[in-house]
Amino acid sequence: MAKIQFCRGIDEEVVPEVRLTRSRSGDSGTATFIFTNPRILEQGNTEEITGMYLIDEEGEIITREVKGKFINGKPEALEAVHLMKSVAEWDRFMRFMERYAQENDLGFNKAE
């Protein structure tokens with residue numbers, strides 16, 4: 001089961017928009033996750049957000065780069081950036097995303 005958490009033990013139910021970029025050499029990449037009105041913000045648990053945890057049967061991928069977007073003083077979105085610095089990290093991330101996409105009916109659109 002592939003899931004995303006911002007606070008350990010609380011699964012995020014909102015499915016994010018995910019943008020991927022990869023270097024021309026293929027040895028590094030970036031994944032940007034944008035969660036609009038995520039459940040963690042509804043609960044007022046912003047101080048409990050300790051990172052973004054991508055969890056599946058292989059283990060856990062962690063990123064600490066999580067930013068909030070506020071409109072009129074109210075939290076509206078979260079943006080998390082995950083950097084991949086090797087082909088192995090990219091491959092591991094893609095395996096997670098394949099599982100997460102299957103469970104959440106996500107598609108993939110390749111840039112032209």
Side-chain angles (χ1 to χ4, degrees):
M1 177 171 177
K3 57 190 173 184
I4 297 175
Q5 297 179 348
F6 290 104
C7 176
R8 293 199 186 274
I10 301 174
D11 295 347
E12 180 54 59
E13 295 174 7
V14 171
V15 177
E17 175 184 339
V18 182
R19 297 179 187 155
L20 293 172
T21 59
R22 192 170 189 185
S23 67
R24 289 195 186 277
S25 64
D27 59 1
S28 65
T30 303
T32 304
F33 291 76
I34 300 169
F35 295 83
T36 303
N37 295 313
R39 187 161 173 242
I40 191 78
L41 295 180
E42 289 175 12
Q43 299 170 351
N45 292 333
T46 54
E47 68 277 353
E48 294 181 20
I49 296 173
T50 56
M52 183 177 69
Y53 306 92
L54 311 176
I55 302 166
D56 65 8
E57 58 263 24
E58 285 186 59
E60 193 173 74
I61 300 170
I62 302 170
T63 184
R64 300 285 183 208
E65 193 172 332
V66 180
K67 300 175 189 170
K69 180 178 180 182
F70 292 79
I71 297 176
N72 294 327
K74 292 186 177 184
E76 294 287 328
L78 287 177
E79 180 179 296
V81 177
H82 174 62
L83 301 175
M84 295 156 278
K85 298 175 183 160
S86 69
V87 173
E89 286 182 16
W90 175 270
D91 291 344
R92 169 65 179 102
F93 174 79
M94 292 306 291
R95 288 193 305 273
F96 169 83
M97 284 308 297
E98 286 172 12
R99 293 176 184 118
Y100 188 79
Q102 284 180 347
E103 291 181 23
N104 292 283
D105 296 323
L106 295 177
F108 177 71
N109 297 326
K110 191 169 187 171
E112 297 293 322

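Small disclaimer: the values here were computed from a predicted structure and weren't measured.
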Give a yes or no answer on whether the side chain of Glu60 reaches the backbone of Tyr53 with a donor-acceptor pair at less than 3.5 Å.
-> no
Answer yes if Ile49 and Met52 sit in the same cluster of Ile, Leu, Val, Met, Phe, Trp and Tyr residues linked by side chain heavy atoms under 4.5 Å apart, and no otherwise.
-> yes
Spacing of Ile40 atom CD1 and Gln5 atom CD [to the nearest 0.5 Å] | 9.0 Å
Would you give the length of the straight line joining atom CZ of Arg8 to atom CD1 of Ile10, rounded to the nearest 0.5 angstrom?
-> 12.0 Å
Arg92 and Glu58: which non-hydrogen atoms are nearest, and at how many Å?
-> CD-OE1, 3.3 Å
Rounded distance [0.5 Å steps], CE in Met84 versus OG in Ser23 = 10.0 Å
Which one of Trp90, Phe93, Phe33 satisfies the ring-ring contact (aromatic ring centres under 6.0 Å, His included) criterion with His82?
-> Phe93
Kindly compute the distance separating OG1 (Thr36) from CD (Glu17), expressed to the nearest 0.5 Å.
-> 7.5 Å
Do Lys74 and Glu76 sit within salt-bridge range, that is, some charged N less than 4.0 Å from a carboxylate O?
-> no
Nearest heavy-atom neighbours spanning Val66 and Ala80 | CG2-CB, 4.0 Å
Taking all non-hydrogen atoms of both residues into account, name the closest pair between Gly68 and Leu78 and its distance.
-> CA-CD2, 3.8 Å
Within a strict 4.5 Å, meaning less than it, do heavy atoms of the Leu54 and Lys3 side chains meet?
-> no
Do Leu83 and Ile4 share a hydrophobic cluster, counting only Ile, Leu, Val, Met, Phe, Trp and Tyr and linking them when any side-chain heavy atoms are less than 4.5 Å apart?
-> no
Report the distance from atom CD of Glu79 to atom CD of Glu65, rounding to the nearest 0.5 Å.
-> 8.0 Å
Shortest non-hydrogen pair, Pro38 vs Ala77, comes out as CD-CA, 4.1 Å
With a 4.5 Å limit on heavy-atom distance, are the side chains of Lys69 and Lys67 in contact?
-> no
Any side-chain heavy atom of Met97 within less than 4.5 Å of one from Asp56?
-> no
Does the Arg22 side chain pair with the main chain of Thr30, one donor and one acceptor, at a distance under 3.5 Å?
-> no
Please name the pair of heavy atoms, one in Leu20 and one in Ala31, separated by the smallest distance, quoted to 0.1 Å.
-> CD2-CB, 3.5 Å
Does Ile62 belong to the same Ile/Leu/Val/Met/Phe/Trp/Tyr cluster as Ile55, with side-chain heavy atoms less than 4.5 Å apart forming each link?
-> yes
Is Val81 reachable from Tyr100 through a run of I, L, V, M, F, W or Y residues, each pair having side-chain heavy atoms under 4.5 Å apart?
-> no
Measure across Pro75 and Leu41 and return the closest heavy-atom pair with its distance rounded to 0.1 Å.
-> CB-CD1, 3.7 Å
